[in-house]
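Take a look at the structure set out below.
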Amino acid sequence: NSYIKTPNKLITALMAGLIPIASDTPSYSNMLREFDLDRFLFDSPAQLDRILRNLDPVKDSQAIIDSGIVDALWARFSDERLAHSLLLIIAEFQDRNDPALVNLPPQMVPSPQQRSQMYFTQHLKDLLPSFMRAIRSRISR
């Protein structure tokens, strides 16, 4: 289970201004390595001890700021981007004429060019039919 997890705790720590000390698992290591912050990863008690002993709150906090990770996360996971991604998923289901969806107004359906620019986790697509059924059941009450 420790290898199949989201980077939510890491993102939360970074957004709170904390220095991210994280286990060397795929979701954490991919994100930290992308911004050259892999020195905060550990996979043994000895490595964790080394990180803690060498921590410099001022220097390490500045390194995080300089890496650009916080700004990149704000852009990746902004409310606007997530809402747009949801609309892209809905449009994909509409393209397949999936009966799970209600018809959307044309102005809400993104263009193919907009679709190609979006990022969204695959498993959320699997949840969309259930999400739409839940919305319909609430509306029909």
Side-chain angles (χ1 to χ4, degrees), residues 1-96 98-141:
N1 185 4
S2 66
Y3 283 93
I4 304 171
K5 59 181 163 186
T6 67
N8 291 347
K9 291 176 189 169
L10 176 66
I11 293 169
T12 301
L14 287 162
M15 293 303 179
L18 300 174
I19 297 169
I21 300 172
S23 56
D24 193 357
T25 55
S27 63
Y28 296 154
S29 63
N30 290 341
M31 188 169 289
L32 290 176
R33 284 191 174 103
E34 178 182 348
F35 294 92
D36 199 27
L37 296 171
D38 51 318
R39 68 176 173 269
F40 298 114
L41 293 168
F42 69 91
D43 65 5
S44 70
Q47 285 183 342
L48 176 58
D49 184 57
R50 178 191 48 79
I51 291 170
L52 293 173
R53 287 180 188 276
N54 294 317
L55 243 130
D56 180 333
V58 174
K59 184 178 101 181
D60 291 336
S61 293
Q62 190 60 51
I64 291 164
I65 292 166
D66 293 345
S67 75
I69 191 170
V70 174
D71 292 334
L73 292 174
W74 274 114
R76 256 182 228 176
F77 301 111
S78 70
D79 292 344
E80 180 181 333
R81 181 142 184 190
L82 292 176
H84 190 68
S85 296
L86 179 59
L87 290 176
L88 291 176
I89 292 170
I90 291 170
E92 181 181 319
F93 275 76
Q94 276 194 315
D95 289 348
R96 294 189 282 179
D98 194 296
L101 297 178
V102 296
N103 289 329
L104 290 177
Q107 66 269 25
M108 290 183 70
V109 179
S111 71
Q113 181 185 9
Q114 289 171 314
R115 292 179 200 187
S116 68
Q117 297 170 357
M118 293 311 302
Y119 159 87
F120 209 83
T121 308
Q122 180 65 36
H123 72 276
L124 292 178
K125 289 182 182 182
D126 299 336
L127 298 175
L128 187 66
S130 298
F131 171 72
M132 294 307 291
R133 283 191 299 275
I135 288 176
R136 273 200 303 268
S137 75
R138 294 276 182 189
I139 293 172
S140 65
R141 284 186 185 177

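Residues take their numbers from the sequence shown, with the count starting at 1.
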Taking all heavy atoms of D60 and all of N54, pick out the closest pair and write down the distance.
OD2-O, 4.3 Å
Counterpart residues, salt bridge (Lys or Arg N to Asp or Glu O under 4.0 Å), relative to D49 (two or more places apart):
R53
From I21 CD1 over to L37 CG, what is the distance, rounded to the nearest 0.5 angstrom?
12.0 Å
Interatomic distance, CD1@I51 vs CG@L41, rounded to 0.5 Å, equals 7.0 Å
Can you see which heavy atom on P57 is nearest to which on I19, and at what distance?
CA-CD1, 3.9 Å
Find out whether L10 and S27 are in side-chain contact, i.e. whether some heavy atom of one side chain is under 4.5 Å from a heavy atom of the other.
no
Run the side-chain contact (heavy atoms from CB on, under 4.5 Å) test on V70 and M15 for me, step by step, so that the C-alpha distance in whole Å, both residues' side-chain angles and the decisive distance to 0.1 Å come before the verdict.
CA-CA 7 Å; V70 174; M15 293 303 179; 4.0 Å; yes
Can you name the nearest heavy-atom pair linking F35 to A72, along with the distance?
CZ-CB, 3.4 Å
Could you report the tightest heavy-atom contact between L48 and F42, atom names first, then the distance?
N-CB, 3.7 Å
Kindly write out the residues that satisfy side chain to side chain donor-acceptor pair (under 3.5 Å) with D66, not counting sequence neighbours, or none if the list is empty.
Q62
d(L55 CG, R50 CZ) to nearest 0.5 Å is 10.5 Å
Partner set under side chain to side chain donor-acceptor pair (under 3.5 Å) for R33, not counting sequence neighbours
D24, S29
